[in-house]
Amino acid sequence: MENPIILDGRKVAQDVKDRLKPRVEYLKKKGIHPCLATILVGNNPSSATYVRMKGNACERLGIRSKRIHLPEETSTEELLHVIHELNEDHSVHGILLQHPVPAHIDERAAFEAIHIDKDVDGVTSIGFGQTAFQFGRYPSCTPAAIIQILDYYQLPIEGKYAVVVGRSPILGKPVSMMLLNRNATVTTCHSKTKNLPEIVRQADMVVAAVGKPNFIKGEWIKDGAVVLDAGYNEGNIGDADYETCRPRSSAITPVPGGVGPVTISMLLKHTVDAAEAKLAGQTRHVSNA
Ligand code: NAP
């Protein structure tokens, strides 16, 4: 394609944040100060950076950020105790446990301990199930960001053939469900998929969620396909090979400045949604309380 649309994640994120500002102000007037609690366990420098970025993004928008940093040697029980306290804390509307936690901790148990009403990062199995059933309030933030980008640029989803490369619980699986719910026909690929390039070549829309730098090659991309690269690898490198995929695509997300900034804005949106739900005293369809 001559001039693919470069899907500008910073612009999309700014649009989301601009629309959140009056909602935050309204909540504050009503006596509710939206608050996201972030939990960082250990000293992984990338995780520390991600948590700091999320906390700072909250504060720039007037959302309170309660930052909890636990030592590397924290046990699963100790982490669960902290999460239970945050579940009970009425001033906290969303809880984010930064992935990955140190290997000795049962991460799944910790995610599942987050109350569904505060699962603004979409990490619980109930949250995933609700997303798959199309009534989830807070889908995982990166899949939500991918849909947000498609909608912002008015790129149609219905009837398209989408190939998602990756099936992690926070990214590949939920984005597959969300695209399916929007009437795409979806194939989800993984490390045991045979003939991956052949499958990707059929796709109108490719989601790269592999965790391997420059993994998706331009020669796999059908002319005019939309490429959504969720990958973020050391050195600001995506999972799709931007230089070779861009000329084949009709639209593509760059790395950095594509899916990443929108992911953070979706976390802010979900936190504001959760604070509003608190104000409205809403109850959920399903509760894990
Ligand atoms: P993950 O948990 O490591 O999952 C990677 C997935 O890729 C797995 O399902 C794996 O298959 C699949 N895979 C690995 N090698 C493959 C191969 N050779 N062929 C086909 N599939 C293969 O990673 P993740 O947490 O989903 O993250 C994926 C990427 O997104 C990473 O680059 C990460 O940094 C990025 N990410 C970005 C954001 C953001 O805000 N932009 C947020 C989260 C993650 P199996 O299931 O068979 O192992």
Side-chain angles (χ1 to χ4, degrees), residues 7-10 12-13 16 38 44-58 96-101 103 107-108 111 120-123 125 127-128 131 138-150 162-179 186-203 206-217 220-221 227-242 245 252-270:
L7 303 167
D8 183 346
R10 294 192 179 105
V12 181
V16 172
T38 59
N44 178 318
S46 307
S47 294
T49 304
Y50 292 143
V51 166
R52 195 169 49 248
M53 281 166 65
K54 291 166 187 172
N56 292 346
C58 280
L96 175 130
L97 171 61
Q98 183 62 43
H99 160 86
V101 295
E107 185 179 78
R108 185 39 44 199
F111 280 150
V120 291
D121 202 25
V123 294
S125 55
F128 174 81
T131 295
Y138 318 123
S140 300
C141 292
T142 305
I146 288 169
I147 301 290
Q148 188 74 24
I149 291 169
L150 290 168
V163 170
V164 177
V165 188
R167 59 171 166 182
S168 71
I170 52 129
L171 185 38
K173 273 184 192 154
V175 81
S176 296
M177 290 297 155
M178 291 168 82
L179 290 167
V186 183
T187 295
T188 310
C189 302
H190 48 80
S191 66
K192 307 292 186 293
T193 297
K194 292 197 167 65
N195 302 325
L196 181 65
E198 294 310 311
I199 297 170
V200 174
R201 259 184 213 116
Q202 309 297 315
V206 180
V207 177
V210 199
K212 295 194 165 146
N214 293 332
F215 180 80
I216 308 281
K217 309 297 178 205
W220 303 2
I221 303 296
V227 178
L228 299 142
D229 188 353
Y232 194 74
N233 304 287
E234 214 179 308
N236 278 344
I237 296 169
D239 288 352
D241 181 10
Y242 185 76
C245 290
I252 185 166
T253 54
V255 176
V259 174
V262 191
T263 296
I264 294 183
S265 75
M266 296 320 292
L267 178 67
L268 304 178
K269 177 183 178 295
H270 293 167

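Remember, it's 1-based here, ligands and their atoms both numbered in the order they're listed. Values reported hereafter were calculated over all heavy atoms of this structure, with side chains retained and with hydrogens, waters and symmetry mates removed. From a predicted model like this one, the values you see are computed outputs, not experimental measurements.
Residue contact annotation: Gly260 has a non-hydrogen atom under 4.0 Å from ligand 1.
The protein heavy atom nearest to atom 31 (C) of ligand 1 is Gly211 CA, 3.4 Å. Of all protein heavy atoms, the one lying nearest to atom 34 (O) of ligand 1 is Tyr232 O, 3.0 Å. At the shortest separation from atom 47 (O) of ligand 1 among protein heavy atoms lies Ser191 OG, 2.6 Å. Looking from atom 12 (C) of ligand 1 to the surrounding protein, the closest heavy atom is Gly166 CA, 4.0 Å.
Summarising the contacts of atom 6 (C) of ligand 1 with Gly258, Ala209, Gly172, the nearest heavy atom is found in Ala209. One option in His99, Lys192, His190, Arg167 has a heavy atom closer to atom 21 (N) of ligand 1 than any other, and that option is His190. Among Val262, Leu171, Val207, Val210, the residue whose heavy atom lies closest to atom 5 (C) of ligand 1 is Val210.
Looking at Thr263 next to ligand 1, an N or O pair under 3.5 Å apart turns up. The N/O atoms of Ala230, backbone and side chain alike, include one that comes under 3.5 Å of an N/O atom in ligand 1.
When each atom of ligand 1 is checked for a heavy atom of Thr142 under 4.0 Å away, the hits are 38 (C), 39 (C), 40 (O), 42 (C), 43 (C). Atom numbering of ligand 1 starts at 1 in the shown order; those under 4.0 Å from a heavy atom of Phe215 are 17 (C), 18 (N), 19 (N). Here is the list of ligand 1 atoms found below 4.0 Å of a heavy atom in Asn233: 32 (O).
Under the 30°/60° scheme for interplanar angles, the aromatic rings of Phe215 and Trp220 are found to stand perpendicular.
Looking at heavy atoms from C-beta onward, Gln98 lies out of side-chain contact with Ser46 at the 4.5 angstrom threshold.
The closest donor-acceptor contact from the side chain of Ser140 to the backbone of Gly122 lies under 3.5 Å.
Here the closest heavy-atom approach between residue Pro143 and residue Leu171 is recorded as CG-O, 3.8 Å.
Neither the backbone nor the side chain of Thr193 has any atom closer than 4.0 Å to an atom of ligand 1 (non-hydrogen atoms only).
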